[in-house]
Amino acid sequence: MPTSMPDIANHTTAQTEGTLDWVGMSNIEMPIMVASNGEAERMVSAHVDAFVNLKEAQAKGIHMSRLYLLLDELSTNGTLTYQSLVTLLDGFISSHDDLSDQAKVQFNFEYHLRRKSLVSGKEGWKAYPVTITGLLNKGQLTVELAIDVRYSSTCPCSAALARQLIQQAFQDKFSTQNELALADVHEWLGTTEGIVATPHSQRSVAEVKVKLNSEVNDFPITYLVDVIEESLQTPVQAAVKREDEQEFARLNGQNLMFCEDAARRLQYSMNQTTQFDDFWLKINHLESLHAHDAVSITTKGVTDGYQP
């Protein structure tokens with residue numbers, strides 16, 4: 001007969017008694033099928049954190065393999081949706097009998113979307129870092145979707161200073177002439193002397209977190225990306241021809257933004273949506289003038305909601 005193997009977690013007690021907030025595993029690598037509104041289900045390479053609390057002070061530990069096997073079942077035979085996330089959290093708790101009454105899981109992955117260029121009609125892939133978090137606390141459920149969107153921000157102050165230099169260059173060039181020919185001015189504006197200065201812009205990141213409600217099933221990843229990019233108007237591009245680059249320059253010139261401007265734009269758009277119970281957003285302008293970043297943070301402002 002095979003020798004029975006010891007089960008320390010079940011048959012011994014804690015050396016030092018005490019309850020623990022979270023016990024589990026982090027950075028589990030596995031493929032996950034994800035369902036997003038407006039997109040076909042797709043496979044992503046996820047890093048997953050899985051936890052339960054340990055409410056029994058004398059218990060030696062939890063059963064980590066049970067958490068992993070439930071995740072593996074989802075990875076192998078299921079799709080990550082709102083409902084499957086709830087089922088997973090229920091399974092975390094039910095698999096731990098009287099040890100746990102709280103569960104948490106977090107999926108981190110990059111979600112790739114095909115995005116069209118501004119003018120030429122070309123398409124390319126853009127990767128968006130996504131985090132989906134589920135928390136079940138004594139029957140109280142919270143599901144959060146977080147996403148980062150990169151865009152370009154052009155400084156209004158820098159633009160004003162550049163315009164002043166262009167005005168001064170124009171005056172220096174033509175101040176001695178009583179009459180100006182349109183063709184001469186047009187030609188001069190097309191030279192480096194004519195555009196003597198340009199405003200500085202920088203790659204920027206909008207970090208957005210939203211709390212979902214049970215009315216959703218597939219995660220609104222694409223919808224949230226569209227809301228953010230349409231609000232800010234200058235998302236970074238994938239496939240780019242010269243006409244796209246020119247249009248990108250125009251959009252930057254017509255959408256001058258301090259970090260405060262970007263935050264207020266996005267705050268307004270998020271307040272118009274009905275899919276999210278709450279939101280938190282952080283605008284990061286990764287300065288090209290300074291060695292530090294310009295940052296603005298705001299929330300929806302609901303009672304007991306996100307804190308800045």
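Index from 1, following the sequence. Because only heavy atoms are used, hydrogens play no part in the values below, and waters and symmetry mates are left out as well, while side chains stay in.
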Query raised in the report: Looking only at atom types and distance, does a side-chain atom of Q233 sit under 3.5 Å from a main-chain N or O of E230, one as donor and one as acceptor?
Result: yes

Query raised in the report: Under a single-linkage definition using a 4.5 Å side-chain heavy-atom cutoff for Ile, Leu, Val, Met, Phe, Trp and Tyr, are I297 and V149 assigned to the same hydrophobic cluster?
Result: no

Query raised in the report: Charged N to carboxylate O below 4.0 Å: is that the case for E243 and K122?
Result: no

Query raised in the report: Is atom CD of Q140 surrounded by more than 12 heavy atoms (other residues, nucleotides or ligands) closer than 6.0 Å?
Result: no

Query raised in the report: Are any non-hydrogen side-chain atoms of S296 and K282 less than 4.5 angstrom apart?
Result: no

**Report entry** side-chain contact (heavy atoms from CB on, under 4.5 Å) evaluation trace for N108 with V130
**Finding:** CA-CA 6 Å; N108 298 283; V130 173; over 6 Å; no

Query raised in the report: Does CD belonging to E123 count more than 12 external heavy atoms closer than 6.0 Å?
Result: yes

Report task. With rounding to the nearest 0.5 Å, note down the distance linking OG1 in T198 to CZ in R163. Result -> 13.0 Å

Query raised in the report: Distance from C259 atom SG to E287 atom CD, nearest 0.5 Å?
Result: 8.0 Å

Report task. Side-chain contact test, heavy atoms from C-beta onward, threshold under 4.5 Å: evaluate it for W280 versus K300 and give yes or no. Result -> no

Requested in this report: Hey, could you give me the CG/CD distance between L20 and E56, rounded to the nearest 0.5 Å?
Outcome: 11.5 Å

Requested in this report: State, without any angle test, whether D101 and N53 hold a side-chain donor-acceptor pair at a distance under 3.5 Å.
Outcome: yes

Query raised in the report: How far does OG of S100 sit from CD1 of I93, to the nearest 0.5 angstrom?
Result: 7.5 Å

Query - Note, T299 side chain near Q307 side chain (heavy atom, < 4.5 Å) - result: no

Requested in this report: Identify whether L232 and F258 are in the same connected component of the hydrophobic contact network (ILVMFWY, side-chain heavy atoms under 4.5 Å).
Outcome: no

Report summary line: Smallest heavy-atom separation, A206 atom then I228 atom, equals CB-CG2, 4.1 Å

Query - Step-by-step side chain to side chain donor-acceptor pair (under 3.5 Å) determination, S153 to Q202 - result: CA-CA 6 Å; S153 60; Q202 50 272 320; 3.0 Å; yes

Query raised in the report: Looking at Y68 versus H63, is the centre-to-centre ring distance below 6.0 Å?
Result: no

Query raised in the report: Would F219 and N37 satisfy side-chain contact (heavy atoms from CB on, under 4.5 Å), going step by step from the backbone distance to the final call?
Result: CA-CA 6 Å; F219 292 102; N37 284 348; over 6 Å; no

Query raised in the report: Taking S75 for the side chain and L71 for the main chain, is one N or O donor matched with an acceptor at less than 3.5 Å?
Result: no

Query raised in the report: Would you say F109 and T131 make side-chain contact, with heavy atoms under 4.5 Å?
Result: no

Query raised in the report: Is Q177 atom CD crowded by more than 12 heavy atoms from other residues, nucleotides or ligands, each under 6.0 Å away?
Result: yes

Report summary line: Using a 4.5 Å side-chain heavy-atom cut-off and chaining through intermediate ILVMFWY residues, the residues clustered with L161 come out as none

Query raised in the report: Any idea how W188 and F170 line up, ring-wise: parallel (<30°), tilted (30 to 60°), or perpendicular (>60°)?
Result: perpendicular

Query - Pi-cation contact, W125 with R115 (under 6.0 Å, within 45°) - result: no

Query raised in the report: Can you find a pair of side-chain heavy atoms, one from C155 and one from P199, that are under 4.5 Å apart?
Result: no

Report task. Taking the side chain as every heavy atom from C-beta outward, state whether L135 and L141 have any atom pair closer than 4.5 Å. Result -> no

Query raised in the report: Is it the case that more than 12 heavy atoms not belonging to R114 sit under 6.0 Å from its CZ atom?
Result: yes

**Report entry** Side-chain donor/acceptor of S45 to backbone N/O of P31, under 3.5 Å
**Finding:** no

Query raised in the report: Roughly how far, to the nearest 0.5 Å, is CD1 of I283 from CD of Q267?
Result: 10.5 Å

Query raised in the report: Does D184 reach the side chain of L180, with side-chain heavy atoms less than 4.5 Å apart?
Result: no

Query raised in the report: Transitively linked via ILVMFWY side-chain contacts under 4.5 Å: F92 with M30?
Result: yes

**Report entry** Separation between CG of D49 and CZ of F107, rounded to the nearest 0.5 Å
**Finding:** 10.0 Å

Report task. State, to 0.1 Å, how close A239 and D244 come at their nearest heavy-atom pair, and which atoms those are. Result -> O-OD2, 4.2 Å

Query - Shortest non-hydrogen separation from L113 to T222 and the atoms involved - result: CD2-OG1, 3.7 Å

Query - Pair S120, S117: side-chain N/O donor-acceptor within cut-off below 3.5 Å - result: yes

Query raised in the report: Should L189 and V185 be marked as a side-chain contact (heavy atoms from CB on, under 4.5 Å) after you check the CA-CA gap, both sets of side-chain angles, and the distance that decides it?
Result: CA-CA 6 Å; L189 286 172; V185 176; 4.1 Å; yes

Requested in this report: Begin from the C-alpha positions of I147 and E207 and carry the test side-chain contact (heavy atoms from CB on, under 4.5 Å) through to its verdict.
Outcome: CA-CA 6 Å; I147 194 163; E207 301 175 41; over 6 Å; no

Query raised in the report: Is the backbone of Y306 close enough, under 3.5 Å, to the side chain of D278 for a donor and an acceptor to pair up by distance?
Result: yes

Query - Validation row: V48, M25 side chains within 4.5 angstrom (heavy atoms) - result: no

Requested in this report: Walk me through it: do D277 and N213 pass the test side chain to side chain donor-acceptor pair (under 3.5 Å)?
Outcome: CA-CA 7 Å; D277 291 340; N213 54 53; 3.0 Å; yes

**Report entry** Test log, rule salt bridge (Lys or Arg N to Asp or Glu O under 4.0 Å), inputs K126 and E229
**Finding:** CA-CA 12 Å; K126 285 177 63 179; E229 292 190 342; 3.0 Å; yes

Report summary line: Of all heavy-atom pairs linking D218 and T81, the shortest is OD1-CG2, 4.0 Å

Report summary line: V44 and E110 have their tightest heavy-atom pair at CG1-O, 4.1 Å

Query raised in the report: Are any of the side-chain nitrogens in R242 or E245 under 4.0 Å away from the carboxylate oxygens of its partner?
Result: no

**Report entry** Salt bridge present between K211 and E144 (N-O < 4.0 angstrom)
**Finding:** no

Requested in this report: Assess whether atom NE2 of H186 is packed by more than 12 heavy atoms of other residues, nucleotides or ligands within 6.0 Å.
Outcome: no

Requested in this report: Using modelled atom types only, decide if a donor and an acceptor are shared between the side chain of T234 and the backbone of S152 within a distance under 3.5 Å.
Outcome: yes

Query raised in the report: Do L80 and V86 belong to the same hydrophobic cluster, where Ile, Leu, Val, Met, Phe, Trp and Tyr are linked whenever their side-chain heavy atoms lie under 4.5 Å apart, directly or via other members?
Result: yes

Query raised in the report: Linking I/L/V/M/F/W/Y whenever any side-chain heavy atoms sit under 4.5 Å apart, do V216 and Y223 land together?
Result: yes

Report summary line: Smallest heavy-atom separation, A146 atom then K209 atom, equals CB-CG, 3.6 Å

